[in-house]
Amino acid sequence: MALFSKKQASVPRRRQQQANDAVKDTQATSTANYTFRRNRTITGSASSNVTGVSEANAQLQSPRTQAHQLARRRRHLGSLFLIVLLSAGALALLISQFTAQVTVRASDITIQLDGVYEKVIQEYLSDHPVERLRFMTDQAELAKYVRSKTPEVSDIHVDGGAGFGKSAFTVTLRTPIAGWSVGGEQKYVDTHGVSFDRNYFKAPAVQIVDNSGIPAQAGQAVASNRFLGFVGLVVGQAKQYGYTVTQVVIPERTTRQIQLRLDGVGYPVTVSIDRGAGEQMEDMSRSIKWLKEHNVSPAYLDVRVEGKAIYK
């Protein structure tokens, strides 16, 4: 009888695929819209009075749980914001402390300094890159290095920032108390016996007269730092005893002794560089006082020998 039955209408395959897709979309929508689904365990509770398992990660969350989650998120974002601010502050501090360029000034003069000091400081910082941060700078070692290159500097310290990437340094320069021109080169010495070549102050009143007769090629031995240092110490020690040295004379055929001309004293005083300056100035002061008390006006006074004062 099937022969006389109605022929069933066949649906095209394309339409069948579209119908299947529509059914799947409907099922997916239903699944997304309904929390309660077959074969699925529902966790959590929508009531603030009922505590569920793992409420923070449950499908159902009470208003209290939601408020706690929002509070945690705010704390997390606040912590990130604080970390960013601290990092930015630390970076700004490092940049403000960094020394890329150097400016140098003197503490006791107003004239423009030679650029050699900036160059020397930059050389030191290049050898010690960590110390480009001002709070890491070893000022004692920096001063030692600068003095080795520029002896006229007695001290140096960091003065703070001088702009973006710049640091200010203040140097203290030595004040000369005696000068000596030898071989066309002028040298100076301060009260601590340190000799140097560059002077930013008024020319010293005490000048060394070289009567030794030593040839110019041997003058370097006469103008050694030890010799100039001794002259500086003698001038400084004499001032402590109330005497002002006006002239230092190197006698003929010697470089181991000098004659001092003192203000108010009519005769020279001979001292030796091989004996302590302080001891000789003490002997000189006692001898001058004794000669004055006894109205003696000698041609010279010699205090080179310890415990003895020779005069004529």
Closest approach of Val245 to Ala238 (non-hydrogen atoms, all atoms of both residues):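 Here Val245 and Ala238 meet closest at CG2-CB, 3.9 Å.
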Closest contact, heavy atoms only, Ile258 versus Pro251: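 In this case the closest contact between Ile258 and Pro251 is CA-CD, 4.0 Å.
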To the nearest 0.5 Å, what is the distance between [atom1] on [X] and [atom2] on [Y]?
X: Leu142; Y: Leu125; atom1: CG; atom2: CG; result: 7.0 Å
X: Leu301; Y: Gln259; atom1: CG; atom2: CD; result: 11.0 Å
X: Leu113; Y: Glu118; atom1: CG; atom2: CD; result: 8.5 Å
X: Phe201; Y: Ile111; atom1: CZ; atom2: CD1; result: 8.5 Å

Salt bridge (charged side-chain N to carboxylate O under 4.0 Å, His left out) with Glu131: which residues, sequence neighbours excluded?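 None.
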With sequence neighbours left out, which residue pairs that include part of residues 72-109 fulfil the ring-ring contact (aromatic ring centres under 6.0 Å, His included) condition?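 Applying ring-ring contact (aromatic ring centres under 6.0 Å, His included) to every pair that reaches into residues 72-109, excluding sequence neighbours, yields nothing.
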Sorted by first residue and then second, give each ring-ring contact (aromatic ring centres under 6.0 Å, His included) pair with at least one member in residues 128-156; sequence neighbours left out.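 Found Tyr124-His128, Tyr124-Tyr145.
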Return yes if some donor-acceptor pair links the side-chain N/O of [X] with the main-chain N/O of [Y] below 3.5 Å, else return no.
X: Thr246; Y: Arg261; answer: yes
X: Arg174; Y: Pro151; answer: yes
X: Arg147; Y: Ser154; answer: yes
X: Gln101; Y: Gly165; answer: no

Any donor-acceptor N or O pair under 3.5 Å, side chains [X], [Y]:
X: Asp159; Y: Thr170; answer: yes
X: Arg132; Y: Gln122; answer: yes
X: Gln280; Y: Arg304; answer: no

Side-chain heavy-atom pair Met281, Val271 within 4.5 angstrom cut-off: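 In contact.
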Quick check: are there more than 12 heavy atoms from other residues, nucleotides or ligands sitting under 6.0 Å from OH of Tyr311?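 Open.
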Summary of side-chain hydrogen bond (donor to acceptor under 3.5 Å, both in side chains) pairs that have at least one residue in residues 198-209, sequence neighbours excluded: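 Only Tyr117-Tyr200, Glu152-Arg198 qualify under side-chain hydrogen bond (donor to acceptor under 3.5 Å, both in side chains).
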For residues 284-300, which side-chain donor-acceptor pairs fall under 3.5 Å, sequence neighbours excluded?
unit_1	atom_1	unit_2	atom_2	d
Arg286	NH2	Glu282	OE2	2.7
Ser287	OG	Asp283	O	2.8
His294	ND1	Trp290	O	2.9

If the condition is side-chain hydrogen bond (donor to acceptor under 3.5 Å, both in side chains), which residues does Tyr241 pass it with, not counting sequence neighbours?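 side-chain hydrogen bond (donor to acceptor under 3.5 Å, both in side chains) list for Tyr241, sorted by chain: empty.
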